[in-house]
Amino acid sequence: MSKKRLVVIGNGMAGVRCVEEIIAVSPDTYEIVIYGNEPRPNYNRIMLSKVLQGEHDLQDIIINDWSWYEEHGIRLCAGEMVHKIHTQSKTIETLSGMKDSYDILILATGSAPFIPPIPGVDKERVMSFRTIDDCTRMSDYSKVHRKAAVIGGGLLGLEAARGLLHLGMEAVVVHNAPYIMNRQLDLQAATMLQHELEAQGMSFLLAKNTQKIMGRSQVQGLQFTDGTKLEAQVVVVAVGIRPNVDVARRSGIRTNRAIVVDDYMRTSVPDVYAVGECAEHRGISYGLVAPLYEQGKVLARFLCGQETTEYKGSIPYSQLKVSGVDVFSAGNISGEDMQTAVQMLDGIRGTYKKVLMKEGFVSGAILFGDTTESASLLGLVQRGASVEELAPREEGTNPAEMAAAALPDLETVCACNHVSKVTIMRAIQDKGLQTAEQVKEHTKASGSCGGCRPMVAALVKHTLHLQKNGGSASGTAMEAKTAEWPICSCTDLSHASLKEALDLVSEGDGMRRIMQRLDWRTEEGCHICQPALRYYLKISGKWMNMQQPDRAGNRNDTLRGAVTGIEVHADDMKFKAMAEELRFRWMNAEMPASVRVAMSGGASSWVSPVVQDIGLQESPAGWEIYAGGHAALPVKEGGLLGLAEAEEDAERLISACLEWYRRTAWYDEPLWAWVERMGFISIRENLLDQPFQNVLAGRTVSEVTLT
C-alpha cells in the first residue's frame with residue numbers, strides 16, 4: 001500500500017519537531033516533503049544570540065543536518081518559498097514555479113519580525129534580528145561602523161545588543177516602557193538586569209518613543225518624540241514578531257492574527273493543519289518553544305491515528321539566559337487582582353524571587369540570578385496550586401541542591417524536550433555522566449533554549465552526592481524515589497525504610513526524639529522530610545500522641561507541606577449525588593498527593609476518565625472504573641480496574657482503591673506513579689478480592705480521617 005504524501009511548509013523548529021514525532025510514532029505512514037525558505041537545514045533559532053556573541057557557530061546550532069533528512073527519506077526543498085496552496089486540487093506552488101501535491105499539509109511558516117511604520121525604517125543599515133543572515137550582516141557592519149541602536153527592550157533586543165557589544169560596537173537600547181522586559185519581569189528584577197547589562201557596557205534610553213530614523217539613504221541616527229536625538233550608524237529593530245499567514249490568507253484558509261486552529265491543530269480546510277508561531281489556538285499564538293513542541297506532539301499523534309489528548313493551551317513562561325544572566329518568568333505577573341505570596345531579595349548574591357497569587361492560588365513567578373527552582377515553580381503555576389505548597393527554604397542550605405532534591409521525580413525539567421528529573425538522574429548514573437553538558441548530549445535536556453541548565457547542573461551534583469552515599473537511579477520511573485534513595489540530605493532513610501522504622505517507634509516519643517533515634521543529621525529536619533515523616537506517623541496512628549501543646553494549651557495538628565484533598569468532577573447533574581457522596585466520605589482524608597476523580601456520561605463528555613487518577617465511565621452495563629491515568633505531560637492512560645452494575649458497587653471499589661493507595665503509597669507519590677510502581681495487575685487483583693475490598697472500603701469516615 002502506497003504511503004500518504006505529507007507536505008510541511010516550513011523547516012523551522014515547530015514543523016520539524018512535529019515530523020520527528022511522526023517518525024517516532026509511525027515511521028512508515030507518510031512520504032514526507034519539507035519546504036524551507038532558507039538554504040540550510042533545520043537549526044535552533046533560539047541560539048542565534050549565542051552565534052552573534054561568538055559562543056557558537058552555525059554548525060553548533062544545527063538541530064538536524066542534511067544527513068538526517070536523507071536517513072529518514074525526507075525530501076528537503078531548501079530555499080523554496082511556497083506562494084500558494086490550491087486546496088481544491090491539494091497542490092502547492094512556490095515562487096520559483098515548483099508544484100507539488102499533498103494528501104496532508106502542515107503549515108509551519110513561523111513568524112517574521114514586526115517592523116513598525118517608523119519613517120525611515122527602509123533606510124540602509126536598518127535591520128531585524130531573526131536569521132543566520134542577520135547575524136552575518138551585523139558582523140559585517142561592525143567592521144566598518146561604531147555606534148548601534150536597538151529599538152526594543154525585550155529579550156530579543158537585549159540579546160541583539162549584547163551581540164553588538166561582543167562585535168566591538170557601542171550599543172544603546174531604546175525602549176518605550178519605563179523598564180526593560182516589562183512583559184516578563186517586574187521593576188525590581190528589571191532594574192537588577194539593567195545594572196548587570198550596564199556593567200557589560202550596554203546603555204539604555206527608557207520611556208522613549210522613536211519618531212523617525214534620520215539620514216538620507218543610510219541611517220544616521222534616531223529622533224524621538226520628545227525632541228532628543230541619538231547618533232547611530234546601525235539600527236536593529238526588535239520590537240516583536242508577527243505570524244507568517246500570507247500564504248494561508250491567499251489560499252482561503254481562515255486567519256485572525258494567525259492561522260486559526262482547533263484543539264487538534266486543524267485549520268478551516270480539510271487535511272490542512274498548522275503548528276507553531278503561525279497557529280492561533282483559542283485566540284492565542286505562542287512565540288515560545290515549549291508550547292510549539294506540545295502542539296507538534298499532539299498533531300503528530302493525531303495524524304498517525306494514535307490516542308491523544310487535545311491541545312488545550314499553555315501557560316506562558318520564559319526560562320532563559322539573558323546576556324549571561326539567568327532569568328525565569330511564568331504565568332501572570334501583573335494585574336489588579338495579583339498579590340505577592342513570596343518576595344526574596346539577596347543583594348549579595350544578586351538573586352531575586354517573587355511568587356504571585358490570586359485568591360490564594362499560585363498564578364505567576366519571577367526568578368533572577370538563580371533559576372534552579374524554575375521547574376517546581378512552573379509546576380505550581382500550571383496547576384494553579386495553593387500557596388500552602390510553597391516550600392520555605394531552610395537557612396544555611398544550598399538553594400540549588402535543595403530545589404533539585406525537592407523536585408518530584410516525574411516533574412519535567414526540560415519543557416522544550418520533555419525530559420523529566422528521573423530521566424536525567426538515571427542517565428547520570430547509567431552512563432557515568434559528570435557534567436550538565438554531558439547530560440545535554442545524552443538526554444537533550446537544556447539543548448533548546450538552555451533555560452533549564454541551572455537545574456540540570458544541580459541535578460548532576462545531587463545525583464552524584466546520592467550515588468556517593470549508596471543511592472541508585474536504575475529501574476522503573478519511580479525506583480529512584482522508592483528503592484534506597486534517601487528522602488533528603490537530613491537522613492539516609494528511604495521512604496520504604498522510614499515507614500518500616502516507624503513501626504518500632506514508641507507512641508510516647510516526640511518528633512525530635514524520633515529523629516534522634518533514626519540518626520537524623522539535623523535537629524528539626526527540613527521541608528522535604530518533615531511533612532513526609534509526619535504523614536507516615538499519621539498513617540500509623542501515632543501522630544496525635546506526639547503533638548505537644550503550645551503555650552495556649554492547643555495542639556498543633558498542621559501537616560506542613562502536605563498535598564491533601566480529593567477533587568471530584570462530574571459532567572452531568574445526574575451524577576451529582578454520587579460525586580457529593582465521594583466528596584463527603586473523603587473530604588477529611590489526607591492523601592499522599594492530590595487525587596482527581598472524574599465521572600463521565602459517555603464519549604461526548606468534556607471529562608476524559610481514562611486520563612484521571614480515578615475515572616468513572618457510564619456504560620450500558622453500569623460503570624467502568626479506571627485508575628492510574630494522567631492528563632498532563634507525560635500523558636498516561638489508566639487501566640480498567642473493574643466493572644460495577646450499581647453506583648454503590650462503583651463507590652465501594654473506588655473507596656477501596658483510595659484506601660489502598662493511602663496505605664501503600666510514598667508521601668508525594670502521585671496515584672498514577674503508585675500504580676506504575678506497584679503494578680496495575682497486582683492492584684486490580686487485590687482490589688477485586690471481595691473480602692479484601694470490603695475491608696478497605698468499609699472503613700467509616702472517622703476511621704479514614706487522619707487524626
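Residues: numbered from 1 along the sequence shown.
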Would you call [X]-[Y] a salt bridge at under 4.0 Å N-O?
X: Arg130; Y: Glu277; result: yes
X: Lys90; Y: Asp100; result: no
X: Glu294; Y: Lys297; result: no
X: Lys208; Y: Asp226; result: yes
X: Arg282; Y: Asp262; result: no
X: Arg40; Y: Asp133; result: yes

If you look only at distance, which donor and acceptor atoms sit under 3.5 Å apart when one is on a side chain in residues 143-152 and the other is two or more places apart or in another chain?
{"from": "Arg146", "atom 1": "NH1", "to": "Gly168", "atom 2": "O", "distance (Å)": "2.7"}
{"from": "Lys147", "atom 1": "NZ", "to": "Glu170", "atom 2": "OE1", "distance (Å)": "3.1"}

List the steps and the verdict of side-chain contact (heavy atoms from CB on, under 4.5 Å) for Val33 and Cys77. CA-CA 8 Å; Val33 183; Cys77 301; 4.1 Å; yes

Would you confirm whether the ring centroid of His281 sits within less than 6.0 angstrom of the ring centroid of Tyr311? yes

Go through the steps for Ile180 and Leu158 under the test side-chain contact (heavy atoms from CB on, under 4.5 Å), then give the verdict. CA-CA 9 Å; Ile180 59 177; Leu158 298 180; 4.1 Å; yes

What are the two closest heavy atoms between Ser111 and Ile241, and how far apart are they? OG-CD1, 3.4 Å

Quick one: closest heavy-atom pair of Tyr179 and Leu185, and the distance? CE1-O, 3.4 Å

How long is the gap from CD1 on Ile315 to OH on Tyr286, to the nearest 0.5 Å? 8.0 Å

When rounded to the nearest 0.5 Å, the distance separating CH2 of Trp66 from CG of Leu76 is 5.5 Å

Once ring pair (Phe, Tyr, Trp, His ring centres under 6.0 Å) is applied, what residue pairs with a partner in residues 255-280 remain, sequence neighbours excluded? Tyr264-Phe302

Using the side chain to side chain donor-acceptor pair (under 3.5 Å) rule, pick out the option among Glu280, Arg242, Arg257 that qualifies with Ser285. Arg257

Arg17 NZ/CZ over Tyr293 ring centroid, <6.0 Å and within 45° of normal: yes

Are any side-chain N or O atoms of Thr371 and backbone N or O atoms of Phe328, one a donor and one an acceptor, separated by less than 3.5 Å? no

Would you find a donor on one side and an acceptor on the other, under 3.5 Å apart, between the side chain of Ser251 and the backbone of Val247? yes

Check residues 209-220 and write down every donor-acceptor pair under 3.5 Å in which the side-chain atom is one partner and the other belongs to a residue at least two apart or another chain.
{"from": "Gln211", "atom 1": "OE1", "to": "Gln223", "atom 2": "NE2", "distance (Å)": "2.9"}
{"from": "Gln218", "atom 1": "OE1", "to": "Arg125", "atom 2": "NH1", "distance (Å)": "3.2"}
{"from": "Gln218", "atom 1": "NE2", "to": "Glu124", "atom 2": "OE1", "distance (Å)": "3.4"}

Single hit among Ile253, Ile85, Thr87 for side chain to side chain contact (heavy atoms under 4.5 Å, CB included) with Leu105: Ile85

